[in-house]
Amino acid sequence: MRPSLPSGVLEVLEPATAAVLQEIPRADASEVDRAVARAAAAFSAWRAVSPSDRAMLLRRISDTVTDHLEELAQLEARNAGKPIGDARGEMGMVAQVFSYYSGSPERLLGDTIPVTGGQAFTVREPLGVVGLIVPWNFPLTIAAWKMGPALAAGNTVVLKPAELTPLTAVRFAELAVEAGLPEGVLNVVVGPGSVCGARLVEHPDVAKIAFTGSTEVGRSIAAGAAQTIKRVTLELGGKSPNIVFADADLAAAAAAAPGAVFGNAGQDCCARSRILVQRPAMDAFMAELERAVTAIQVGDPLDDATEMGPLISAGHRESVAAFVDDGAPVAFRGSAPDGPGFWFAPTVLCPVDPDDRAAREEIFGPVAVVIGFEDEEEAVRMANDTMYGLSGSIWSGDGGRALRVARALDAGVLSINSNTSVRVATPFGGFKQSGYGRELGPHALDAYTEVKSIFFATGV
Ligand code: NDP
């Protein structure tokens with residue numbers, strides 16, 4: 001940022017060029033207070049909207065996103081530096097999330113419970129104002145995972161996007177109002193996390209914080225929220241394993257492995273950045289993997305042929321590069337453009353000791369480690385030897401073994417003979433220090449509602 005820039009102005013950069021993409025107003029804590037007040041004022045009317053009308057509104061938001069898909073995708077691709085094909089897919093998912101949760105207002109079911117002297121039943125109530133704090137890696141997508149169920153359940157929202165990538169959130173809020181969402185129901189505040197995010201966490205009128213980001217900030221949010229007994233859900237970091245047994249379809253596993261760790265330039269909490277390979281298959285797997293990695297097209301995010309873009313910032317590139325210093329065991333690398341922009345070539349490290357920093361810490365960039373293992377027992381032990389537990393993959397031709405390993409792994413989202421983690425209809429979230437709470441699928445609604453029990457005396 002230019003030193004002369006006024007503190008109320010934010011320069012948003014384009015990672016592929018390092019040039020300024022837009023200058024926008026930068027909020028402070030008082031703007032958070034005003035946004036919370038707007039959301040609180042809108043709450044009683046929003047929760048009273050009939051379930052069918054709320055459902056219809058969410059469907060309209062979904063349609064509006066679809067109508068503006070290309071505009072939003074271009075904005076996201078430029079601001080986050082992601083390939084345009086990926087950005088289109090992500091905006092499609094945003095629309096799908098609102099379509100999926102448009103089915104929820106009319107399906108927020110309760111229970112009837114047999115008791116003596118009357119009738120007992122449960123209802124689900126919205127929480128009130130919820131604060132959503134989201135990162136820069138999948139900016140609008142992760143915001144949608146939170147906004148969809150939050151709004152469906154009748155909450156009002158204050159959304160704080162990452163300062164590096166606020167543009168699609170700001171545009172989305174305008175589109176949501178155009179689609180019919182009442183003013184005040186969704187409020188976007190663009191400002192620094194240490195100021196605006198922290199204010200949301202401490203604000204007494206915010207009932208819940210849903211956060212995606214680093215484990216370190218997640219810890220401080222959990223601690224801060226404890227002061228007001230706020231509800232919190234945390235989706236944090238990962239160091240996910242991609243376990244390849246010798247009986248797997250090696251060509252398929254090796255062809256899929258780069259996408260699972262170099263997708264979004266490795267800036268993905270689900271990145272399968274620890275590739276564990278059964279030793280007899282190691283040479284064949286590495287040969288296939290090298291072919292796949294060197295073929296990755298790294299370049300201009302707006303080019304349809306691009307498969308990987310730049311990293312998000314100069315500072316982040318420095319922290320990724322620290323894992324690939326002069327002594328690093330680089331097995332092979334792909335290519336990356338020279339010149340401006342925060343480029344970093346996809347890199348595979350092997351052999352790597354499981355205790356090395358590169359094998360233990362979340363790199364959040366296009367750097368994978370490959371480590372050998374002997375048998376099923378060792379694969380499970382190595383895979384679980386981490387403070388994280390978000391996702392992972394198991395590649396094997398033996399279905400029984402694949403299922404045994406899937407059950408033995410301490411992680412929230414697993415795939416067998418596939419590396420996909422995220423589906424709108426299935427729950428997503430971590431074990432251990434990858435966080436708590438689940439997003440997406442039917443389970444997300446639990447995190448945006450309170451269960452209320454009501455007893456109606458019938459006199460018998
Ligand atoms: P952060 O956890 O710092 O940021 C995530 C969000 O939290 C941003 O909106 C940020 O605001 C906000 N924030 C920052 N500090 C506070 C605070 N004290 N109180 C409330 N909100 C806060 O992640 P970074 O962007 O700095 O990335 C650092 C590392 O985190 C990455 O290298 C990666 O390892 C991990 N990460 C994991 C993600 C995941 O998907 N699980 C996503 C992003 C990062 P702002 O940035 O505007 O200041």
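Atoms within a ligand are numbered from 1 in the order they appear, just like the ligands themselves. All residue numbers in this chain count up from 1 along the given sequence.
For atom 47 (O) of ligand 1, the closest non-hydrogen atom of the protein is Glu163 N, 2.7 Å. The nearest protein atom to atom 42 (C) of ligand 1, hydrogens excluded, is given as Pro135 CB, 3.3 Å; this is a heavy-atom distance. Nearest to atom 45 (P) of ligand 1 among the protein's heavy atoms is Gly193 N, 3.5 Å. Nearest protein heavy-atom contact of atom 30 (O) of ligand 1 is Ser214 CB, 2.9 Å. Looking only at protein heavy atoms, the nearest one to atom 31 (C) of ligand 1 is Phe364 CD2, 3.7 Å. Closest protein heavy atom to atom 39 (C) of ligand 1: Cys269 CB, 3.5 Å. The closest protein non-hydrogen atom to atom 12 (C) of ligand 1 is Ile133 CG2, 3.7 Å. Scanning the protein heavy atoms around atom 24 (P) of ligand 1, the nearest turns out to be Trp136 NE1, 3.5 Å.
Those atoms of ligand 1 with a heavy atom of Lys160 less than 4.0 angstrom away are 9 (O), 11 (O), 45 (P), 47 (O). Of all atoms in ligand 1, listed by their number and element, those nearer than 4.0 Å to a heavy atom of Glu235 are 41 (N). For ligand 1, the atoms sitting less than 4.0 Å from at least one non-hydrogen atom of Glu362 are 33 (C), 34 (O), 35 (C), numbered in the order shown with element in parentheses. Atom numbering of ligand 1 starts at 1 in the shown order; those under 4.0 Å from a heavy atom of Gly191 are 47 (O). Heavy-atom contacts of Gly197 reach the following atoms of ligand 1: 19 (N), 20 (C), 21 (N) (cutoff under 4.0 Å). If you number the atoms of ligand 1 from 1 as listed, the ones under 4.0 Å from a heavy atom of Thr212 come out as 5 (C), 39 (C), 40 (O).
Using a 4.5 Å cut-off on side-chain heavy atoms (C-beta onward), Ser391 and Cys269 make no contact. Between Arg26 and Pro192, some side-chain heavy-atom pair lies under the 4.5 Å cut-off.
A donor-acceptor pair shorter than 3.5 Å can be found between the side chains of Asn419 and Trp395. Defined by atom type and a distance below 3.5 Å, a donor-acceptor pair is present between the side-chain atoms of Ser415 and Arg272.
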Could you go through Glu361 and Lys239, starting from their C-alpha distance and side-chain angles, then the distance that decides it, and tell me whether this counts as salt bridge (Lys or Arg N to Asp or Glu O under 4.0 Å)? CA-CA 7 Å; Glu361 293 180 22; Lys239 189 73 185 174; over 6 Å; no

Chi angles and distances behind the salt bridge (Lys or Arg N to Asp or Glu O under 4.0 Å) call for Arg34, Glu31: CA-CA 5 Å; Arg34 285 191 288 277; Glu31 177 52 30; 3.1 Å; yes

Please step through side chain to side chain contact (heavy atoms under 4.5 Å, CB included) for the pair Phe373 and Ile243, ending with a clear verdict. CA-CA 9 Å; Phe373 68 86; Ile243 306 173; 3.9 Å; yes

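Side chain of Arg274 to backbone of Ala383: a donor-acceptor contact under 3.5 angstrom is found.
Aromatic rings from Trp145 and Phe428 are positioned such that their centres are separated by under 6.0 Å. Under the 6.0 Å cut-off for aromatic ring centres, Phe98 and Phe172 qualify, their centroids lying closer than that.
Scanning both residues, Asp268 and Gly263, for their nearest heavy atoms gives CB-O, 4.5 Å.
Of the heavy atoms in Val134, only backbone atoms (N, CA, C, O) come closer than 4.0 Å to ligand 1. Contacts between Leu236 and ligand 1, counted as non-hydrogen atom pairs separated by less than 4.0 Å, involve the backbone only. In His316, the part holding a heavy atom less than 4.0 Å from any atom of ligand 1 is the side chain.
Considering only non-hydrogen atoms, atom 37 (C) of ligand 1 lies nearest to Gly213 out of Gly213, Ser194, Gly430, Ala198. Counting only non-hydrogen atoms, the option in Val217, Ile312, Leu234 that gets closest to atom 3 (O) of ligand 1 is Val217.
Heavy-atom distances between Phe138 and ligand 1 stay at or above 4.0 Å for every pair.
For the pair Arg124 and Tyr448, the cation-pi criterion (under 6.0 Å, within 45° of the ring axis) is not fulfilled.
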